[in-house]
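For ligands, and for the atoms within them, numbers begin at 1 and follow the listed sequence. Note that these values count all heavy atoms, side chains included, but never hydrogens, waters or copies made by symmetry.
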Amino acid sequence: MIEVLSGDRCVDCDICVEVCPTNVFDAVADDHPVIARQADCQTCFLCEAYCPADALFVAPLSDPAPPGSGLTDEAALAAAGRFGEYRRWLGWGKGRTPGSSRDENRFFTARLRALQEETGP
Ligand code: SF4
Ligand code: SF4
């Protein structure tokens, strides 16, 4: 189940909002999205795999982690290298440069191109 969205790591791309199949996140104007409906998370790990900044941690539990669990402790998770762990297991993001032929994150590329069209290169 989704447990942590790291504000320190997040680049506000809203890809997690776009890819989550059960609409767990809410976008926030000019800020990071929020985990608005944790109970709707189905632990599919898609958000973690797609996040271009390794800012999400999905715990391998089908229910929320108990209070005080290390699975909700952002600093401990970061120190243990748990952010983006599932993405690395999948092999996504190797040599990731948005828009390059090796970019395997089509949502990030599409979002980047839309931003470039809005703001110029
Ligand atoms: S996909 Fe990652 S970087 Fe983008 S908004 Fe969500 S948490 Fe932030
Ligand atoms: S793990 Fe799946 S269902 Fe849960 S928040 Fe991420 S994308 Fe949504």
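- For the pair A65 and E3, the tightest heavy-atom approach, listed with the atom from each and the gap, is N-OE2, 2.7 Å.
- Using modelled atom types, one side-chain atom of R37 and one backbone atom of N23 make a donor-acceptor pair closer than 3.5 Å.
- In this structure, the ring of Y50 has its center less than 6.0 angstrom from the ring center of W92.
- For atom 2 (Fe) of ligand 2, the set of nearby N, O or S atoms under 2.8 Å includes none belonging to C20.
- Each of the atoms 5 (S) of ligand 1 lies under 4.0 Å from some heavy atom of P33.
- Of all the heavy atoms in E48 and R87, the pair that sits closest is O-CB, 4.0 Å.
- Looking from atom 6 (Fe) of ligand 2 to the surrounding protein, the closest heavy atom is C47 SG, 2.3 Å.
- Under 4.0 angstrom from ligand 2, the non-hydrogen atoms of F25 all belong to its side chain.
- Taking each of E18, Q42, Q38 in turn, the one with a heavy atom nearest to atom 3 (S) of ligand 2 proves to be Q42.
- The shortest heavy-atom contact between F25 and I35 is CE2-CG1, 3.9 Å.
- Within ligand 1, counting atoms from 1 as listed, the ones closer than 4.0 Å to a heavy atom of D14 are 4 (Fe), 5 (S).
- For M1 against D63, the heavy-atom pair with the smallest separation is SD-C, 3.6 Å.
- If you check which protein heavy atom lies closest to atom 1 (S) of ligand 1, you get C16 N, 3.4 Å.
- Annotation: atom 2 (Fe) of ligand 1 to nearest protein heavy atom, C51 SG, 2.4 Å.
- The side chain of L56, and not its backbone, has at least one atom closer than 4.0 Å to an atom of ligand 1 (non-hydrogen atoms only; side chain from C-beta on).
- Heavy-atom distances between T22 and ligand 2 reach below 4.0 Å in at least one pair.
- Per-residue contacts place V11 under 4.0 angstrom from the following atoms of ligand 1 (heavy atoms of the residue considered): 3 (S), 8 (Fe).
- If you take OG on S69 and CG on L61, they are separated by 7.0 Å, rounding to the nearest 0.5 Å.
- Between I2 and C47, the shortest heavy-atom contact is CD1-SG, 4.2 Å.
- Atom 4 (Fe) of ligand 2 has as its closest protein heavy atom C41 SG, 2.3 Å.
- Atom 8 (Fe) of ligand 1 has as its closest protein heavy atom C10 SG, 2.3 Å.
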